[in-house]
4 protein chains.
Amino acid sequence: MGIHSAFQPPSTSLRALVSMADSEKQRGSTEKRERILEGALRAFAKKGFYNTRVSEIASEAGVADGTIYLYFKNKDDLLISLFEDRMEWIIARLQTELDAVEGGVIERIKAFVHLHFRLAVEDRDLAEFITVELRQSSKFVKEYKNPKFADYLKILHSLIDQGQNEGIFRTDLDSRLVGRALFGALDEVLLQFTLSRSAPTDVRDEAEQISTMIIDGLIVREPPTLD
Amino acid sequence: MGIHSAFQPPSTSLRALVSMADSEKQRGSTEKRERILEGALRAFAKKGFYNTRVSEIASEAGVADGTIYLYFKNKDDLLISLFEDRMEWIIARLQTELDAVEGGVIERIKAFVHLHFRLAVEDRDLAEFITVELRQSSKFVKEYKNPKFADYLKILHSLIDQGQNEGIFRTDLDSRLVGRALFGALDEVLLQFTLSRSAPTDVRDEAEQISTMIIDGLIVREPPTLD
Amino acid sequence: MGIHSAFQPPSTSLRALVSMADSEKQRGSTEKRERILEGALRAFAKKGFYNTRVSEIASEAGVADGTIYLYFKNKDDLLISLFEDRMEWIIARLQTELDAVEGGVIERIKAFVHLHFRLAVEDRDLAEFITVELRQSSKFVKEYKNPKFADYLKILHSLIDQGQNEGIFRTDLDSRLVGRALFGALDEVLLQFTLSRSAPTDVRDEAEQISTMIIDGLIVREPPTLD
Amino acid sequence: MGIHSAFQPPSTSLRALVSMADSEKQRGSTEKRERILEGALRAFAKKGFYNTRVSEIASEAGVADGTIYLYFKNKDDLLISLFEDRMEWIIARLQTELDAVEGGVIERIKAFVHLHFRLAVEDRDLAEFITVELRQSSKFVKEYKNPKFADYLKILHSLIDQGQNEGIFRTDLDSRLVGRALFGALDEVLLQFTLSRSAPTDVRDEAEQISTMIIDGLIVREPPTLD
DNA sequence: CATGAATGAGCCTTCATTCAT
DNA sequence: TATGAATGAAGGCTCATTCAT
């Protein structure tokens with residue numbers, strides 16, 4: 001509950017807008033689903049998917065074991081739902097914040113990186129879950145195609161694209177590759193931060209350094225004294 | 001067996017040097033240990049640590065289930081041993097190749113990136129295992145401190161350091177942060193490559209792009225025509 | 001609903017006669033009870049007692065899960081009630097039809113057999129339920145004494161008895177044993193018919209054959225031309 | 001152990017002939033499989049398939065729970081295997097005894113009936129299992145085609161056939177129908193006997209009565225002095 | 001009376017690990 | 001050393017039953 005003061009639980013923030021007019025039952029139902037997702041998030045972040053017992057999630061969520069199966073098909077489905085739910089919310093928030101940025105592509109990429117870091121600081125569990133568990137289960141990396149994550153990457157990718165089209169960024173680099181590399185850089189740094197549970201103070205600085213470095217590697221330069 | 005023609009099994013290459021003088025039994029023993037590690041690598045890469053049965057590893061290795069416990073304390077130990085063994089070999093190879101590089105820091109960083117990609121192409125299973133499983137088990141990311149991985153990062157980190165000391169790289173960036181970011185970028189791109197099982201032809205090009213981008217983001221520039 | 005056009009749902013036919021004067025509520029209540037019994041009959045016939053979920057019965061009956069527990073103590077009670085209810089109705093019908101038979105014991109036994117088969121044709125689900133589930137649950141064969149079934153057998157048994165007393169049937173056979181054997185023969189043949197879902201056309205013929213065979217085995221014969 | 005003094009456990013009697021030359025391990029393995037089957041037989045007879053816990057079978061058999069899954073795919077497979085194993089043995093014994101009968105069809109049918117009853121007396125659990133559980137699970141009556149039981153019926157059926165061909169039995173009755181009816185009669189009587197746990201003394205008499213009755217219903221009679 | 005969401009006891013099955021051979 | 005049959009603890013999931021509405 002208090003955990004998500006800044007980082008509002010997706011369902012209750014996003015879905016509440018839609019289901020505001022729903023009946024009491026619907027609201028209670030949605031709320032319980034969200035409680036389970038939150039319990040799962042905490043548990044997965046703490047012990048990892050495979051080391052988390054369904055009963056642990058249930059007790060974290062304050063529901064009976066069987067209740068989980070009223071909202072999710074099985075443990076795998078819970079994992080995937082959690083991921084999709086959180087990613088949806090992250091993407092929505094990202095989109096909103098990016099739209100609000102005044103300035104060009106460079107400012108928006110910086111904003112992207114800062115938000116990425118800020119989200120991790122706001123909700124450590126979510127950060128840990130996404131950085132660590134995202135790659136984890138075979139479901140995720142093999143069978144499950146992970147469309148939400150692709151959406152996330154697409155945002156980055158189109159920012160690079162835009163910079164290239166505007167002539168700000170060099171065009172000898174593949175924008176998708178750069179997007180991926182940037183994401184990887186962010187993710188790895190956050191993983192380190194998440195696992196070490198280091199002070200959140202210097203995170204802002206790290207975000208600045210990384211975005212600076214990447215952007216400086218991307219921008220077109222005057223041919224360095226050709227003669 | 002044939003899989004590792006180019007990418008020699010670490011233990012038999014590295015350790016064989018040490019145990020050359022050992023008795024036949026010892027050698028057979030070492031060879032069996034390596035067979036188990038190879039079986040585990042194949043199995044972990046294919047299905048992930050938690051979805052791999054010890055009996056599957058045994059049958060991949062052509063030994064009985066119980067035999068595994070003669071060489072490894074338990075399944076976790078097998079995972080860690082596998083990781084350490086492979087990382088040791090990778091680091092040794094990396095060191096060797098970097099030492100052979102003619103040129104300065106920039107060339108060596110490029111060499112580092114290229115080797116990183118080359119290793120992934122040479123042994124897909126190893127690449128998949130390291131990119132995916134490295135983060136996976138709680139053992140790895142929490143309890144287990146993962147010294148070999150730290151060693152690996154240290155190489156990168158000192159290359160950056162060196163560049164900064166030599167005045168080639170800008171000094172406003174933390175070298176450890178840059179090292180981590182670079183590793184993350186490589187890792188993420190390789191993950192994509194590994195999972196998509198895409199053609200290995202363009203990997204060289206991707207390596208070139210990434211190293212170029214990063215390096216260009218790092219090198220000191222003439223104050224861009226201040227006047 | 002349409003299923004029981006010929007084979008009227010016992011409760012609504014039998015009990016309705018008794019409860020005709022009951023209040024609307026009572027009638028609705030009785031009707032809901034019967035709907036549940038019908039749902040249970042269909043479900044049990046289709047999947048067996050142990051493979052039928054209470055919720056399946058509820059949805060077959062068009063009521064909520066909890067409603068079932070307003071009419072029956074538990075799932076076992078539902079099974080027993082269903083059995084008693086149906087047997088009561090069968091016995092009543094049997095009694096009526098036997099009373100209407102003109103002719104002696106032999107004709108009445110033939111009538112018994114034919115009705116037995118006819119009932120199975122009229123309501124396959126009931127036939128399947130009784131032939132298969134009757135033996136099934138431990139409740140039935142062990143704890144539960146199954147008085148209705150005993151009543152059913154008693155009818156057969158007294159017919160044999162009567163034939164023996166009238167000097168038509170040989171008296172060296174135990175009438176209860178013969179009754180049971182006859183029932184077993186009918187039951188087994190019907191089981192086969194029920195499970196194979198064969199055409200109902202030849203059932204009449206099978207009934208004739210069996211009753212003929214049994215009766216011929218029972219009737220007193222003239223000492224076969226001893227001289 | 002003592003239970004099967006007369007009624008030898010099928011596997012150890014039948015299969016022992018084949019596996020006599022097998023290694024110790026094979027024998028131990030086969031013996032453990034049989035122990036599990038015996039445990040299952042006892043448990044199923046006592047509580048029915050669905051009310052028997054796998055762990056109960058295991059403790060009846062004196063093995064660990066998991067051991068059962070080394071010999072059987074799952075609980076269903078155990079049920080089917082038990083049935084097939086026992087039926088195979090019964091059929092073999094039946095065949096042997098019938099072959100030894102001196103006399104014609106009538107004597108062999110009588111022998112069939114007597115053996116049927118004798119087997120039930122020799123092993124009550126087996127009798128209860130077969131009479132009660134045979135119809136029970138959906139697997140048995142629906143999906144599972146039950147070939148062994150068909151074999152059993154076929155023996156009876158061909159005896160009737162033979163009698164008809166030899167002109168001893170009337171030919172206006174379908175031999176398969178008669179076979180089924182006879183089996184049903186036996187089965188029902190045995191069910192009663194099995195469940196009531198009545199004294200085994202009068203069983204022989206009951207067998208005699210039933211076979212007499214059926215046979216008398218089958219044999220050709222002189223046209224009963226029509227004039 | 002009716003509902004159906006919630007409960008939680010219980011069971012089948014898996015699988016890492018052991019140990020007699 | 002090597003084996004692999006045996007173990008049994010543990011967990012995901014089901015489903016009969018309850019109860020607040």
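Letters go in sequence order (proteins before strands), and every chain restarts at 1. Computed from a predicted model, the values in this text were never measured in an experiment.
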Legend entry - Side chains of B:Y50 and A:N51, donor plus acceptor under 3.5 Å: yes
Legend entry - Which residues share a side chain to side chain donor-acceptor pair (under 3.5 Å) with D:N74, sequence neighbours left out: none
Legend entry - Toward the 5' end of DNA chain E, by each residue's nearest nucleotide, A:V63 or C:D65: C:D65
Legend entry - Strand DNA chain F as a dot-bracket string - pairs counted if Watson-Crick or G-U with both distances under 3.5 Å, | where the partner lies in another strand: .||||||||||||||||||||
Legend entry - Results of side chain to side chain contact (heavy atoms under 4.5 Å, CB included) for D:V54 - residues two or more places apart only: D:I68, D:Y69, D:K75
Legend entry - Nearest-angstrom distance from the residue atom CG of C:L70 to P of F:dA16: 17 Å
Inset, instruction - Measure from CZ on B:R35 to C1' on F:dT3 and round the result to the nearest Å. - result: 14 Å
Inset, instruction - Not counting sequence neighbours, which residues clear side chain to side chain contact (heavy atoms under 4.5 Å, CB included) with C:S55? List them please. - result: C:R53, C:D65
Inset, instruction - Would you jot down, in residue-number order, the residues of residues 53-61 of chain D having a non-hydrogen atom under 4.0 Å from DNA chain F? - result: none
Legend entry - Side chains of B:R35 and B:T30 in contact at under 4.5 Å (non-hydrogen atoms): no
Inset, instruction - Would you kindly give the CZ-to-P distance between D:F72 and E:dC12, to the nearest whole Å? - result: 16 Å
Inset, instruction - Could you check A:K73 against C:G66 and say which one's nearest nucleotide on DNA chain F is further toward the 5' end? - result: A:K73
Inset, instruction - Map B:Y69 and D:K75 onto DNA chain E by nearest heavy atom, then report which one ends up closer to the 5' terminus. - result: D:K75
Inset, instruction - Check side chain to side chain contact (heavy atoms under 4.5 Å, CB included) between B:A43 and all other residues, then give those that pass, not counting sequence neighbours. - result: B:T52, B:I57
Inset, instruction - List for me each residue that meets side chain to side chain donor-acceptor pair (under 3.5 Å) alongside A:T67, sequence neighbours excluded, and say none if there are none. - result: none
Inset, instruction - Using only side-chain N and O atoms of A:Y71, determine if any of them is under 4.0 Å from OP1 or OP2 of E:dA6. - result: yes
Inset, instruction - Could you work out the separation of E:dC1 and F:dT21 based on their P atoms and round it to a whole Å? - result: 22 Å
Legend entry - Distance below 4.0 Å between C:K32 side-chain N/O and E:dC1 OP1 or OP2: no
Inset, instruction - Please name all residues satisfying side chain to side chain donor-acceptor pair (under 3.5 Å) with D:E56, sequence neighbours left out, ordered by chain then number. - result: D:K47
